[in-house]
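All values below were derived from every heavy atom in this structure, side-chain atoms included, with hydrogens, water molecules and symmetry-related copies excluded. Letters go in sequence order (proteins before strands), and every chain restarts at 1.
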2 protein chains.
Amino acid sequence: MVVDGIADETGDIVDRLFHALADGTRRDILRRCVRGELSVSRLAAAYPMSFAAVHKHVAVLERAGLVTKERRGREQLVRTDPDAVGRARRALDELESAWRARVDRMSGLLAEDDDGGGGPRAPDLRENTTKGPDG
Amino acid sequence: MVVDGIADETGDIVDRLFHALADGTRRDILRRCVRGELSVSRLAAAYPMSFAAVHKHVAVLERAGLVTKERRGREQLVRTDPDAVGRARRALDELESAWRARVDRMSGLLAEDDDGGGGPRAPDLRENTTKGPDG
DNA sequence: CTAACGTACAACCAAATGGTTGTAGATGGG
DNA sequence: CCCATCTACAACCATTTGGTTGTACGTTAG
């Protein structure tokens with residue numbers, strides 16, 4: 001039971017998502033590429049770093065599913081995926097709901113006033129099955 | 001007055017926030033520490049890595065403002081900050097609203113069919129003033 | 001065809017990450 | 001007091017990251 005397709009090997013995807021967001025230049029690229037009219041070269045011109053560096057940033061965003069590229073002639077137009085933020089938000093929601101569930105369970109235990117060993121003891125809750133902490 | 005605490009040197013903070021979230025072990029720690037009853041040692045016992053490694057993960061979470069530590073005797077209890085997810089969500093909101101504003105502005109331009117220099121022309125939109133791309 | 005432009009990728013480098021072990025201070029229990 | 005436990009931190013190591021330069025390739029313009 002993988003909740004929603006989120007929990008199997010999703011750790012990788014969530015890792016990439018948050019990692020991609022954890023850089024100011026990349027967040028800035030995201031903001032600039034909503035209209036999808038910017039080529040990688042044009043983007044690169046906006047930053048005090050080489051074309052290759054910006055190209056790598058775009059690649060990171062692409063692997064995280066935050067942008068897509070569309071070729072127009074010899075240019076490659078970068079566009080921010082409209083659903084991208086939604087996906088990030090869902091990752092946060094999952095995190096939040098997981099611990100909201102914990103709080104709820106705790107409330108339940110307090111009501112029952114017994115926890116000796118019978119209660120539903122928070123089974124696993126982890127997401128990482130492949131590269132996770134219990135690898 | 002830095003808007004809301006978000007926009008001055010916040011790039012750093014947002015960096016730390018997303019970076020902290022970009023690791024499965026750390027997200028797992030967050031889930032486990034909602035009730036705040038777990039000491040670092042007890043946490044460490046849950047992962048196939050050394051105490052020192054888990055200690056570092058907790059430090060990363062702490063620097064990102066995602067957990068707090070409270071000393072109880074010789075133990076240090078880790079607790080997930082309830083507002084933490086809210087902060088992450090706000091960072092996403094900011095990202096989203098930034099580009100929603102862009103889209104709105106674009107729509108506005110299409111309607112007005114003129115932009116000579118009168119309208120509120122997307123002042124800056126960037127967050128990084130210190131270490132940002134335009135450093 | 002040739003030149004210019006835009007992209008892609010490889011090789012290289014410094015710094016940060018994520019892990020290890022070892023050691024040193026606090027704190028609480030017998 | 002002495003010992004076990006928990007925490008904290010330093011030193012070290014391998015890998016990744018974020019940047020560089022250089023080069024090769026495809027496409028468009030002249």
Distance, rounded to the nearest Å, where B/R74 contributes CZ and D/dA8 contributes C1':
16 Å

Round to a whole Å and report the spacing from CZ of A/R63 to C1' of D/dT17.
11 Å

Using a heavy-atom cut-off of 4.0 Å across all strands, would you classify A/R26 as base, sugar-phosphate, or nothing?
sugar-phosphate

Specify the separation, in whole Å, of atom CG of B/L61 and atom C1' of C/dT17.
14 Å

Heavy-atom closest pair (A/F18 atom, A/L92 atom, distance to 0.1 Å) is CZ-CD2, 3.9 Å

If I take atom CG in residue B/D23 and atom C1' in nucleotide D/dT15, what distance separates them, rounded to the nearest angstrom?
14 Å

Cluster link A/V60 to A/M49, ILVMFWY, side chain under 4.5 Å
no

What integer distance in Å separates B/H55:NE2 from C/dT20:P?
14 Å

Using a strict 4.0 Å threshold on nitrogen-to-oxygen distance, state whether B/R16 and B/D12 make a salt bridge.
no

Is any side-chain N or O of B/S50 closer than 4.0 Å to OP1 or OP2 of C/dT20?
yes

Could you check how far OH of B/Y47 sits from P of C/dT20, rounded to whole Å?
14 Å

Ion pair present between A/D93 and A/R89, side-chain N to carboxylate O less than 4.0 angstrom?
no

So, is B/H57 close to the C/dG19 phosphate, meaning a side-chain N or O under 4.0 Å from OP1 or OP2?
yes

Please determine if a side-chain N or O atom of A/K56 lies less than 4.0 Å away from the OP1 or OP2 oxygen of C/dA10.
no

Are OP1 or OP2 of C/dA8 and a side-chain N or O of A/Q76 less than 4.0 angstrom apart?
yes

